[in-house]
Protein chains: 2
Amino acid sequence: MEKNAEIQQAVDNYDAVKQIFTEYLNRTKHRKTPERYSILKEIYTRPGHFDIETLYIRMKNNRYRVSRATLYNTMELLLESGLVVKHQFGQSSAQYEKCLCFQPHDHAICLKCRKVIEFCEPRVGEIEKTLLQTFGFRASSHSLVFYGICEDCSKDGQADFEKKD
Amino acid sequence: MEKNAEIQQAVDNYDAVKQIFTEYLNRTKHRKTPERYSILKEIYTRPGHFDIETLYIRMKNNRYRVSRATLYNTMELLLESGLVVKHQFGQSSAQYEKCLCFQPHDHAICLKCRKVIEFCEPRVGEIEKTLLQTFGFRASSHSLVFYGICEDCSKDGQADFEKKD
DNA sequence: ATCCCTGCAAAGGGTTTGCAGACGC
DNA sequence: GCGTCTGCAAACCCTTTGCAGGGAT
């Protein structure tokens, strides 16, 4: 329980993450370039989801000079090292998220304000078991996304729905 | 129970679907063009998932003349009429599937052979309820996809894993 | 000094759009 | 005949690729 909190804190700490990344780069014989570390830093010092274009703009505003090509390239390494996860919500551009993958979690996206809610769902694990029993399918990962209306937007526009009695 | 079977048969029947589509076109004041019906027919007389390019080739081989633009356009109508659902697995092209949406279902995709398994999961509905209670989020739809190795591919390549005792 | 990595720009693939002609209404 | 739908091709967006120069090792 408290161990999880510790881990989570480590995740938010750039130095710890930097070390993990360095080990990954050493292990896979990739060069430790300043661009790669500045990208990692930018990702880990900001909360939430982001796409490549957003990250590109953010880094540009922070006086870093990185090309989109390098961003795509580096995201690949971060994905493989498990420091980042990638989501493909709908048909728009891919969304990335910092994560050490200790806790796979799921998402609910508001169709009005595009807000993303994150939550953990142990029952998904049970569904996985059923999948194995029924089809012999061994799941290694999953994606669960709910689309709907969040609480705030529910209050705003659909107040009439509530009155219905 | 048996009613479901009846419904399912109706779904597979082009004439029944044609009528539903016609009603939709009337209701929404869209024109009933031959292209739209031939697309609907092509979709409903073949099983499984497909993408636009596959559908385009298939129709070309069947002496139908439709452009990709019309396919995209018509898919939009079929989506809105509930006769087709759209999936975005990964970052490749969108996958479509015939469906009257009586039974929303989920998918498991084999990372080796790309086979898609379909299954229904009532527990997802329970997760939806939790989402409403916890965050006040009203889900209107969802997407649940498992990635892993199917039974067949498990036998092929990972036989060693089974022996482990 | 090697040769991987970077930045730039062009190419690529899927989807959308603009336009002129066709045809459902 | 009016106004929408079609086919074609160009435009579009996100992502990948090719190439020459630069920097990590």
Side-chain angles (χ1 to χ4, degrees), chain A residues 18 21-42 49-60 62-81 84-97 114, chain B residues 18 21-42 49-60 62-81 84-97 114:
Chain A
K18 183 177 176 178
F21 193 37
T22 302
E23 284 164 14
Y24 170 79
L25 292 176
N26 282 333
R27 192 168 62 245
T28 55
K29 307 226 186 310
H30 285 99
R31 291 186 179 164
K32 294 174 273 299
T33 68
E35 288 82 2
R36 287 174 177 169
Y37 284 108
S38 54
I39 292 168
L40 179 67
K41 185 168 195 174
E42 182 62 33
H49 298 73
F50 59 92
D51 59 20
I52 294 291
E53 194 58 22
T54 306
L55 183 58
Y56 179 69
I57 302 291
R58 270 179 13 191
M59 296 199 69
K60 219 165 189 179
N62 280 25
R63 85 164 188 283
Y64 293 120
R65 273 180 43 77
V66 284
S67 66
R68 266 171 272 254
T70 301
L71 285 178
Y72 281 107
N73 183 9
T74 303
M75 294 317 293
E76 211 61 41
L77 299 176
L78 291 173
L79 283 172
E80 280 170 31
S81 67
V84 156
V85 286
K86 181 177 180 178
H87 303 290
Q88 191 76 42
F89 300 141
Q91 55 272 23
S92 55
S93 55
Q95 299 282 312
Y96 297 87
E97 183 186 8
R114 289 279 137 193
Chain B
K18 182 177 176 179
F21 193 38
T22 302
E23 284 165 14
Y24 170 79
L25 292 176
N26 282 333
R27 194 169 60 244
T28 55
K29 308 226 186 310
H30 284 100
R31 291 184 179 165
K32 293 175 273 298
T33 68
E35 287 83 3
R36 288 176 176 167
Y37 283 108
S38 54
I39 292 168
L40 179 67
K41 186 168 195 173
E42 182 61 33
H49 298 76
F50 60 92
D51 59 19
I52 294 291
E53 194 58 24
T54 307
L55 183 58
Y56 179 67
I57 302 291
R58 271 179 12 192
M59 295 198 70
K60 218 165 190 175
N62 280 24
R63 85 165 189 285
Y64 292 121
R65 273 179 42 78
V66 283
S67 66
R68 266 172 271 254
T70 300
L71 285 179
Y72 280 107
N73 181 9
T74 303
M75 294 316 292
E76 210 61 40
L77 299 176
L78 291 173
L79 283 172
E80 280 170 32
S81 66
V84 156
V85 287
K86 181 178 180 179
H87 303 292
Q88 191 77 41
F89 301 141
Q91 56 272 23
S92 54
S93 56
Q95 298 284 313
Y96 297 85
E97 183 187 8
R114 289 279 137 194

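In the text below, chain A, chain B and the rest are named by the order of the sequence lines, each starting its count at 1.
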**Item:** Letter per nucleotide, 5' to 3', of nucleotides 19-25 of chain D [B base touched, S only sugar-phosphate touched, - untouched; heavy atoms, 4.0 Å]
**Value:** ----BBS
**Fill in**
Sorted by chain and residue number, the side-chain contact (heavy atoms from CB on, under 4.5 Å) partners of Ser92(B) (sequence neighbours excluded) come out as none
**Item:** For Lys60(B), all residues meeting side-chain contact (heavy atoms from CB on, under 4.5 Å), sequence neighbours excluded
**Value:** Tyr56(B)
**Prompt:** Quick one, which residues of residues 65-74 of chain A touch DNA chain D with a heavy atom under 4.0 Å?
**Reply:** Ala69(A), Tyr72(A)
**Item:** Listed partners of Arg31(B) passing side-chain hydrogen bond (donor to acceptor under 3.5 Å, both in side chains), at least two apart
**Value:** none
**Request:** Taking salt bridge (charged side-chain N to carboxylate O under 4.0 Å, His left out) as the test, write out the residues that go with Glu35(A), two or more places apart.
**Result:** none
**Request:** Estimate the overall bend of the helix from dA1(C)-dT25(D) to dC25(C)-dG1(D) from the end axes over five pairs each, rounded to 10 degrees.
**Result:** 30°
**Fill in**
Sorted by chain and residue number, the side-chain contact (heavy atoms from CB on, under 4.5 Å) partners of Ala94(B) (sequence neighbours excluded) come out as Lys86(B), Gln88(B), Tyr96(B)
**Item:** Residues forming a salt bridge (charged side-chain N to carboxylate O under 4.0 Å, His left out) with Glu53(A), sequence neighbours excluded
**Value:** Arg68(A)
**Request:** Check every nucleotide of DNA chain C for an atom under 4.0 Å from a heavy-atom of chain A, then give the first and the last such nucleotide from 5' to 3'.
**Result:** dC3(C) to dC8(C)
**Complete:** CG (Asn73(B)) and CG (Leu78(B)) are apart, to the nearest 0.5 Å, by 10.0 Å
**Non-neighbouring partners of Glu97(B) that pass side-chain contact (heavy atoms from CB on, under 4.5 Å), sequence neighbours left out** = His49(B), Val85(B), His87(B), His105(B), His107(B), Glu118(B)
**Asked** With Gln95(A), which residues qualify under side-chain hydrogen bond (donor to acceptor under 3.5 Å, both in side chains), at least two apart?
**Response** none
